[in-house]
Number of protein chains: 2
Amino acid sequence: MHCSIAQAVGVLGEPWTPLILRDLFLGLSRFDELAEDLGISRNLLTRRLEHLVAAGVVERRPYQERPVRYAYELTQAGRDVVPALFTLMAWGDRWATPPGGPPALLVHSCGERFTPVVTCPHCGGEANADTVTPVAGPGAAQGPGTMVLAAPLAGAGGGRESDPVGHLVARVPDGLGQVDQGQ
Amino acid sequence: MHCSIAQAVGVLGEPWTPLILRDLFLGLSRFDELAEDLGISRNLLTRRLEHLVAAGVVERRPYQERPVRYAYELTQAGRDVVPALFTLMAWGDRWATPPGGPPALLVHSCGERFTPVVTCPHCGGEANADTVTPVAGPGAAQGPGTMVLAAPLAGAGGGRESDPVGHLVARVPDGLGQVDQGQ
DNA sequence: TGACATAAGTTCACTTTATCAACCCACTAA
DNA sequence: TTAGTGGGTTGATAAAGTGAACTTATGTCA
């Protein structure tokens, strides 16, 4: 499907995948550790890890020979998923807290415990449903999952009561050739 | 499972759910619009919407009587998911861009096109795999999905080469009773 | 008056995935 | 040589997803 969210979900959205990535971030690296911690069936863990390795999110590295043993580690793409896990965790803490309070907290390198916030790197302001407008990008196309963008982003609007999109298309700055890649 | 990420994934992580939420954010609201845009089978869309309504993420509101017709809209919890969708989208744009470039771009209310960044609200610094350490919270427990936290967070460390966790437990500020709920 | 259209689903047969439990293989240590 | 460990396979069973057709209630055109 022609949509960045769908692409991301295709790689990261399978049942156990976010939890596998969380465990790898937390320092687990061996097959048996992951299987035991998650309680996932071993053949499914095999498939998930294969998929993650194929997607370039996880690296499978032999940490000893005779017998060969493998460690699983996050690649740069994998480490880049971690902030997305933070925002998911923050949402879970806020709207679906397990009984007894949040099981884990985050501490930033500035020394403070915090709840992550998604921001605009230009002005530092919060990026949320009220302050952000999506607009068609260079790869916009028609078809499943993008018809939405084709229709409301085309500017017609259709008169639906809350169309946060149509009237903003004209505001898009030029030079849409590439997104900032940050970092 | 006793983990905020698992809770969030339980609500948001089912196959089509992020795309449904994206479409609702973009202004679609009717059953047939969603079904047509996504190409999802209709009975599955029914189940997903029921699940989202039960979880308090989506609201089902009759927008006309005779015949009764329903509109689906994001609740506050649903609007709160949107920043997580932004970070997923940013990841997808960076690491799994569909051919032709990103299909959608984001414009902040400050007027700039941007790539969302997850930050610490105290210092404004970026929150990523290098700058953030998770520590055990008040609801920390043992069992599947939290054994990880029980072991490395206990401070033993076990000598694994990259344990970003153990040495930081002592740094956690007091008063862990509740996470900042922001906004 | 009848024929057709629309929105919002249901039902059903079929296919694909996930899960659990058990097994396998190479090697090591005692 | 016997048992243990790490990293998987294999195969039966259970759960989910898919596509197409059907339903219900109503409005609209001719």
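Every chain is numbered from 1, with letters handed out A, B, ... down the list of sequences.
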Exercise. Under 6.0 Å between the ring centres of A:H122 and B:F114?
Worked result: no
Problem set entry | d(CD1, A:I40; P, C:dA18) in whole Å | 10 Å
Exercise. A:V118: what forms a side chain to side chain contact (heavy atoms under 4.5 Å, CB included) with it, not counting sequence neighbours?
Worked result: A:T87, A:A127, B:P83, B:T87, B:P116, B:V118
For nucleotides 28-30 of chain C, tabulate all protein N/O to nucleotide N/O atom pairs closer than 3.5 Å, reporting atom names and distance.
from   : atom 1 : to    : atom 2 : distance (Å)
C:dT28 : OP1    : A:R66 : O      : 3.0

Seminar exercise, completed: Across all chains, not counting sequence neighbours, the side-chain hydrogen bond (donor to acceptor under 3.5 Å, both in side chains) partners of B:W16 are none
Problem set entry | Single-linkage hydrophobic cluster, 4.5 Å side-chain cutoff, A:V117 and B:F86 together | no
For this session: Over 60° means perpendicular and under 30° means parallel, so classify the ring planes of A:Y72 and A:F31, tilted if in between.
Result: tilted
For this session: Using a 4.0 Å heavy-atom cut-off, write out nucleotides 2-8 of chain D from 5' to 3' as B (base contacted by protein), S (sugar-phosphate only) or - (no contact).
Result: ---BBBB
Problem set entry | Row check, B:Y63 ring normal vs B:R69 NZ/CZ: under 6.0 Å, within 45° | no
Exercise. Between B:R30 and B:D23, does a salt bridge (Lys or Arg N to Asp or Glu O under 4.0 Å) hold up when you go through it step by step?
Worked result: CA-CA 10 Å; B:R30 299 210 307 275; B:D23 277 8; over 6 Å; no
Exercise. So which of B:L21, B:L24, B:L74 actually passes side chain to side chain contact (heavy atoms under 4.5 Å, CB included) with B:V82?
Worked result: B:L74
Exercise. Taking CD from B:E36 and P from C:dT6, how many angstroms apart are they, rounded to a whole number?
Worked result: 11 Å
Exercise. Do B:W95 and A:D80 have side-chain atoms, one donor and one acceptor, less than 3.5 Å apart?
Worked result: yes
Would you be so kind as to tabulate the donor-acceptor pairs closer than 3.5 Å made by side chains of residues 43-59 of chain B, with sequence neighbours excluded?
from  : atom 1 : to    : atom 2 : distance (Å)
B:N43 : OD1    : B:S41 : OG     : 3.0
B:T46 : OG1    : B:R42 : O      : 2.9
B:H51 : ND1    : B:E14 : OE1    : 2.5

Give every pair of a protein N or O atom and an N or O atom of nucleotides 11-17 of chain D that lie under 3.5 Å apart, one pair per line with the distance.
from   : atom 1 : to    : atom 2 : distance (Å)
D:dG11 : O6     : A:N43 : ND2    : 2.9
D:dG17 : OP1    : B:R48 : NH2    : 2.3
D:dG17 : OP2    : B:R48 : NH2    : 3.2

Problem set entry | Nucleotide C:dC20, atom P - distance to CG of A:L45 in whole Å | 13 Å
